J.: 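Below is a structure I'd like to ask you about.
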Amino acid sequence: MNDLEEQGIYDGPSKEVQIQKIFSEIAPRYDLLNHLLSANIDKVWRKKAIGHLGWEVCRSGCYLDSCAGTFDLGLELVKEDDFSGAVVAGDFALPMLKRGLPKITSQILPVCGDALRMPFPNEIFDGAMVGFGIRNLSDLDTGFAELARLLRPGAKLVILEFSVPPNWILRKLYHFYFHNILPVIGRMLSGHTWAYTYLPESVKDFPEPQELSESLLQAGFQEVDWKYLTGGVVTIHIAVR
Ligand SMILES: C[S@@+](CC[C@H](N)C(=O)[O-])C[C@H]1O[C@@H](n2cnc3c(N)ncnc32)[C@H](O)[C@@H]1O
(Lines give C-alpha, C1' and ligand atoms only; values in the text may rest on other atoms or scores of the structure.)
Protein backbone atom coordinates (compact mmCIF):
# COMPACT_ATOMS: atom_id res chain seq x y z
CA MET A 1 0.00 0.00 0.00
CA ASN A 2 1.45 3.40 -0.90
CA ASP A 3 0.88 6.61 1.08
CA LEU A 4 -2.05 7.61 -1.13
CA GLU A 5 -3.80 4.32 -0.54
CA GLU A 6 -3.19 4.60 3.19
CA GLN A 7 -4.84 8.01 3.11
CA GLY A 8 -7.77 6.61 1.17
CA ILE A 9 -7.01 8.28 -2.17
CA TYR A 10 -7.66 5.61 -4.75
CA ASP A 11 -8.25 6.00 -8.46
CA GLY A 12 -11.94 6.23 -9.24
CA PRO A 13 -14.82 8.22 -7.80
CA SER A 14 -13.45 8.30 -4.25
CA LYS A 15 -10.27 9.97 -5.54
CA GLU A 16 -12.44 12.69 -7.10
CA VAL A 17 -14.18 13.39 -3.80
CA GLN A 18 -10.87 13.50 -1.92
CA ILE A 19 -9.25 15.84 -4.43
CA GLN A 20 -12.19 18.21 -4.36
CA LYS A 21 -11.99 18.22 -0.57
CA ILE A 22 -8.21 18.84 -0.47
CA PHE A 23 -8.36 21.83 -2.82
CA SER A 24 -11.43 23.26 -1.13
CA GLU A 25 -9.57 23.13 2.19
CA ILE A 26 -6.24 24.54 1.04
CA ALA A 27 -7.79 27.24 -1.21
CA PRO A 28 -7.10 30.16 1.20
CA ARG A 29 -3.35 29.45 1.14
CA TYR A 30 -3.02 27.93 -2.35
CA ASP A 31 -1.53 30.94 -4.17
CA LEU A 32 0.86 31.82 -1.36
CA LEU A 33 2.18 28.27 -1.11
CA ASN A 34 2.38 27.85 -4.87
CA HIS A 35 4.64 30.85 -5.30
CA LEU A 36 6.63 30.24 -2.12
CA LEU A 37 7.28 26.53 -2.66
CA SER A 38 8.35 27.08 -6.25
CA ALA A 39 10.33 30.27 -5.49
CA ASN A 40 8.02 31.97 -8.01
CA ILE A 41 9.26 29.81 -10.90
CA ASP A 42 5.66 28.66 -11.36
CA LYS A 43 4.95 32.01 -13.03
CA VAL A 44 7.68 31.34 -15.62
CA TRP A 45 6.32 27.81 -16.22
CA ARG A 46 2.80 29.12 -16.85
CA LYS A 47 4.05 31.82 -19.22
CA LYS A 48 6.02 29.22 -21.17
CA ALA A 49 2.93 27.01 -21.40
CA ILE A 50 0.87 29.86 -22.87
CA GLY A 51 3.66 30.35 -25.42
CA HIS A 52 2.82 26.90 -26.82
CA LEU A 53 -0.94 27.40 -27.05
CA GLY A 54 -0.91 28.97 -30.53
CA TRP A 55 -3.46 31.61 -29.43
CA GLU A 56 -1.96 34.09 -31.95
CA VAL A 57 -3.78 32.16 -34.69
CA CYS A 58 -7.13 32.95 -33.08
CA ARG A 59 -6.67 36.05 -30.90
CA SER A 60 -10.36 36.57 -30.21
CA GLY A 61 -11.08 32.89 -29.66
CA CYS A 62 -12.58 31.05 -26.73
CA TYR A 63 -10.08 29.01 -24.69
CA LEU A 64 -10.61 26.46 -21.94
CA ASP A 65 -8.57 26.46 -18.73
CA SER A 66 -9.46 23.10 -17.22
CA CYS A 67 -8.72 22.52 -13.50
CA ALA A 68 -8.26 26.29 -13.37
CA GLY A 69 -7.97 26.65 -9.60
CA THR A 70 -7.37 30.32 -8.79
CA PHE A 71 -7.03 31.20 -12.52
CA ASP A 72 -3.26 31.77 -12.72
CA LEU A 73 -2.83 29.96 -16.05
CA GLY A 74 -5.77 31.64 -17.79
CA LEU A 75 -4.57 34.99 -16.44
CA GLU A 76 -1.26 34.52 -18.24
CA LEU A 77 -3.22 34.30 -21.51
CA VAL A 78 -5.47 37.31 -20.95
CA LYS A 79 -2.38 39.35 -19.95
CA GLU A 80 -1.04 38.98 -23.50
CA ASP A 81 -1.36 42.40 -25.20
CA ASP A 82 -2.86 41.11 -28.45
CA PHE A 83 -5.27 38.66 -26.89
CA SER A 84 -8.88 39.81 -27.16
CA GLY A 85 -10.68 36.51 -26.60
CA ALA A 86 -12.08 34.77 -23.52
CA VAL A 87 -11.02 32.00 -21.17
CA VAL A 88 -13.60 29.64 -19.71
CA ALA A 89 -12.04 28.53 -16.43
CA GLY A 90 -13.46 25.31 -15.01
CA ASP A 91 -12.79 23.75 -11.62
CA PHE A 92 -14.87 21.57 -9.32
CA ALA A 93 -13.53 23.10 -6.08
CA LEU A 94 -15.71 26.18 -5.61
CA PRO A 95 -13.47 27.67 -2.86
CA MET A 96 -10.54 27.70 -5.33
CA LEU A 97 -12.58 29.67 -7.88
CA LYS A 98 -13.89 32.03 -5.20
CA ARG A 99 -10.38 32.64 -3.94
CA GLY A 100 -9.24 33.62 -7.42
CA LEU A 101 -12.18 35.92 -8.23
CA PRO A 102 -10.51 39.19 -7.09
CA LYS A 103 -7.71 38.56 -9.62
CA ILE A 104 -9.80 38.15 -12.76
CA THR A 105 -11.04 40.43 -15.51
CA SER A 106 -14.20 40.06 -17.61
CA GLN A 107 -12.19 37.98 -20.09
CA ILE A 108 -12.19 35.08 -17.63
CA LEU A 109 -15.43 33.18 -17.18
CA PRO A 110 -15.41 30.86 -14.15
CA VAL A 111 -17.41 27.64 -14.26
CA CYS A 112 -17.75 25.24 -11.36
CA GLY A 113 -17.76 21.75 -12.84
CA ASP A 114 -15.98 18.46 -13.32
CA ALA A 115 -13.23 18.29 -15.96
CA LEU A 116 -14.42 14.79 -16.85
CA ARG A 117 -17.88 15.99 -17.89
CA MET A 118 -17.93 19.65 -18.84
CA PRO A 119 -21.32 21.23 -19.70
CA PHE A 120 -20.34 22.37 -23.20
CA PRO A 121 -21.11 21.19 -26.74
CA ASN A 122 -18.54 19.47 -28.96
CA GLU A 123 -15.69 21.35 -30.65
CA ILE A 124 -16.48 24.67 -29.01
CA PHE A 125 -12.99 25.75 -27.86
CA ASP A 126 -10.13 27.20 -29.93
CA GLY A 127 -7.56 25.85 -27.49
CA ALA A 128 -7.27 24.32 -24.04
CA MET A 129 -4.80 24.36 -21.18
CA VAL A 130 -4.44 22.39 -17.96
CA GLY A 131 -2.00 23.59 -15.32
CA PHE A 132 -1.01 21.10 -12.61
CA GLY A 133 -4.47 19.57 -12.73
CA ILE A 134 -4.28 16.58 -15.05
CA ARG A 135 -2.44 14.52 -12.41
CA ASN A 136 -5.44 14.87 -10.13
CA LEU A 137 -8.02 13.40 -12.49
CA SER A 138 -9.51 10.13 -11.33
CA ASP A 139 -9.53 8.84 -14.91
CA LEU A 140 -6.89 10.26 -17.23
CA ASP A 141 -8.28 8.69 -20.41
CA THR A 142 -11.76 10.09 -19.76
CA GLY A 143 -10.15 13.50 -19.10
CA PHE A 144 -8.27 13.40 -22.42
CA ALA A 145 -11.38 12.20 -24.28
CA GLU A 146 -13.35 15.09 -22.81
CA LEU A 147 -10.69 17.61 -23.88
CA ALA A 148 -10.65 16.08 -27.37
CA ARG A 149 -14.44 16.38 -27.54
CA LEU A 150 -14.41 20.05 -26.56
CA LEU A 151 -11.65 21.20 -28.92
CA ARG A 152 -12.27 22.10 -32.54
CA PRO A 153 -10.08 20.22 -35.06
CA GLY A 154 -6.67 21.92 -35.31
CA ALA A 155 -6.92 23.50 -31.84
CA LYS A 156 -4.03 23.03 -29.42
CA LEU A 157 -3.95 21.47 -26.00
CA VAL A 158 -1.19 22.47 -23.56
CA ILE A 159 -0.66 20.60 -20.32
CA LEU A 160 1.71 21.73 -17.60
CA GLU A 161 2.50 19.09 -15.04
CA PHE A 162 5.11 18.06 -12.51
CA SER A 163 7.48 15.29 -13.56
CA VAL A 164 10.53 13.52 -12.19
CA PRO A 165 13.87 14.92 -13.47
CA PRO A 166 15.81 12.44 -15.62
CA ASN A 167 19.23 13.50 -14.27
CA TRP A 168 20.03 11.47 -11.15
CA ILE A 169 21.59 14.35 -9.16
CA LEU A 170 18.61 16.60 -9.85
CA ARG A 171 16.30 13.68 -9.10
CA LYS A 172 17.90 13.18 -5.68
CA LEU A 173 17.59 16.89 -4.86
CA TYR A 174 14.03 16.88 -6.13
CA HIS A 175 13.04 13.88 -4.01
CA PHE A 176 14.68 15.40 -0.96
CA TYR A 177 12.83 18.69 -1.47
CA PHE A 178 9.49 17.09 -2.36
CA HIS A 179 9.53 14.59 0.51
CA ASN A 180 11.29 16.47 3.30
CA ILE A 181 10.87 20.21 2.81
CA LEU A 182 7.69 20.79 0.82
CA PRO A 183 5.35 18.75 3.07
CA VAL A 184 6.66 20.49 6.21
CA ILE A 185 6.26 24.04 4.83
CA GLY A 186 2.94 23.06 3.24
CA ARG A 187 1.64 21.68 6.54
CA MET A 188 2.81 24.71 8.51
CA LEU A 189 1.30 27.32 6.21
CA SER A 190 -1.86 25.57 5.00
CA GLY A 191 -2.71 23.98 8.34
CA HIS A 192 -3.66 20.90 6.31
CA THR A 193 -2.12 17.73 7.67
CA TRP A 194 -1.55 15.77 4.47
CA ALA A 195 -2.42 17.84 1.36
CA TYR A 196 1.25 18.57 0.74
CA THR A 197 2.21 14.94 1.28
CA TYR A 198 -0.27 14.05 -1.43
CA LEU A 199 1.59 16.25 -3.94
CA PRO A 200 4.88 14.27 -4.11
CA GLU A 201 3.02 10.97 -3.91
CA SER A 202 0.77 11.91 -6.82
CA VAL A 203 3.76 12.94 -8.95
CA LYS A 204 5.50 9.64 -8.17
CA ASP A 205 2.45 7.67 -9.27
CA PHE A 206 1.84 9.72 -12.43
CA PRO A 207 2.76 8.38 -15.93
CA GLU A 208 6.09 9.48 -17.43
CA PRO A 209 5.92 12.01 -20.32
CA GLN A 210 6.30 9.30 -22.98
CA GLU A 211 3.43 7.26 -21.56
CA LEU A 212 1.25 10.35 -21.24
CA SER A 213 1.97 11.22 -24.88
CA GLU A 214 0.75 7.79 -25.91
CA SER A 215 -2.50 8.31 -24.00
CA LEU A 216 -2.98 11.64 -25.82
CA LEU A 217 -2.52 9.89 -29.17
CA GLN A 218 -5.04 7.23 -28.13
CA ALA A 219 -7.52 9.98 -27.27
CA GLY A 220 -7.30 11.27 -30.85
CA PHE A 221 -4.70 14.03 -30.51
CA GLN A 222 -1.97 14.51 -33.13
CA GLU A 223 1.47 16.15 -33.25
CA VAL A 224 1.96 15.16 -29.64
CA ASP A 225 5.16 16.54 -28.14
CA TRP A 226 6.60 17.32 -24.74
CA LYS A 227 9.41 19.41 -23.25
CA TYR A 228 11.06 19.36 -19.86
CA LEU A 229 11.31 22.65 -17.96
CA THR A 230 13.75 23.35 -15.10
CA GLY A 231 15.65 20.10 -15.68
CA GLY A 232 12.46 18.02 -15.78
CA VAL A 233 10.81 19.20 -12.57
CA VAL A 234 7.93 20.17 -14.82
CA THR A 235 6.88 19.00 -18.29
CA ILE A 236 4.88 20.84 -20.92
CA HIS A 237 2.82 18.54 -23.12
CA ILE A 238 1.58 19.91 -26.41
CA ALA A 239 -0.96 18.24 -28.70
CA VAL A 240 -3.17 19.18 -31.62
CA ARG A 241 -6.79 18.08 -31.87
C1 LIG B 1 -2.88 22.06 -8.39
S2 LIG B 1 -4.37 22.91 -8.73
C3 LIG B 1 -3.94 23.81 -10.19
C4 LIG B 1 -4.68 25.09 -10.33
C5 LIG B 1 -4.24 25.97 -11.49
N6 LIG B 1 -4.46 25.35 -12.77
C7 LIG B 1 -2.81 26.40 -11.37
O8 LIG B 1 -2.09 26.36 -12.38
O9 LIG B 1 -2.41 26.82 -10.28
C10 LIG B 1 -5.38 21.62 -9.36
C11 LIG B 1 -6.82 22.04 -9.54
O12 LIG B 1 -7.49 21.03 -10.27
C13 LIG B 1 -8.81 20.93 -9.78
N14 LIG B 1 -9.36 19.63 -10.18
C15 LIG B 1 -8.85 18.41 -9.93
N16 LIG B 1 -9.63 17.46 -10.46
C17 LIG B 1 -10.65 18.10 -11.08
C18 LIG B 1 -11.79 17.66 -11.82
N19 LIG B 1 -12.04 16.37 -12.01
N20 LIG B 1 -12.61 18.60 -12.30
C21 LIG B 1 -12.40 19.91 -12.10
N22 LIG B 1 -11.35 20.38 -11.39
C23 LIG B 1 -10.49 19.48 -10.89
C24 LIG B 1 -8.65 21.10 -8.28
O25 LIG B 1 -9.86 21.47 -7.66
C26 LIG B 1 -7.59 22.20 -8.23
O27 LIG B 1 -8.16 23.47 -8.14
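Just so we're clear, the structure is a prediction, and the values are computed from it rather than from any experiment. Read the numbers this way: they start at 1 and go in the same order the structure lists the ligands and their atoms.
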J.: I need the nearest protein heavy-atom contact for atom 11 (C) of ligand 1: residue, atom name and distance, please.
T.: Asp91 OD2, 3.5 Å
J.: Around atom 12 (O) of ligand 1, find the nearest protein heavy atom and jot down its residue, atom name and distance.
T.: Cys67 CB, 3.2 Å
J.: Considering non-hydrogen atoms of the protein only, which is the closest contact for atom 7 (C) of ligand 1, and what is the distance?
T.: Arg46 NH2, 3.4 Å
J.: Is the distance between the ring centroids of Phe125 and Tyr63 under 6.0 Å?
T.: no
J.: Where on Asp65 is there a heavy atom closer than 4.0 Å to ligand 1, on the side chain, on the backbone, on both, or on neither?
T.: neither
J.: Does this structure show an ion pair linking Arg152 with Asp126, if we count only N-O contacts that are shorter than 4.0 Å?
T.: yes
J.: Evaluating non-hydrogen atoms only, which member of Phe132, Phe92, Phe71 is closest to atom 16 (N) of ligand 1?
T.: Phe92
J.: Taking atom types as modelled, is there a side-chain donor on Thr235 or Glu161 under 3.5 Å from an acceptor on the other?
T.: no
J.: Taking 4.0 Å as the limit for heavy-atom contacts, which would you say applies to Ser24 with ligand 1: side chain only, backbone only, both, or neither?
T.: neither
J.: For Phe92 and Phe23, I'd like to know if the aromatic rings sit close, meaning centre-to-centre distance below 6.0 Å.
T.: no
J.: Where on Leu160 is there a heavy atom closer than 4.0 Å to ligand 1, on the side chain, on the backbone, on both, or on neither?
T.: neither
J.: Suppose we measure from atom 2 (S) of ligand 1 to each protein heavy atom; which comes out shortest, and what is that distance?
T.: Tyr30 OH, 3.3 Å
J.: Does atom CZ (Arg29) have a neighbourhood of more than 12 heavy atoms from anything else shown, all under 6.0 Å?
T.: no
J.: Among all the protein's non-hydrogen atoms, which is closest to atom 19 (N) of ligand 1, and how far away is it?
T.: Asp114 OD1, 2.9 Å
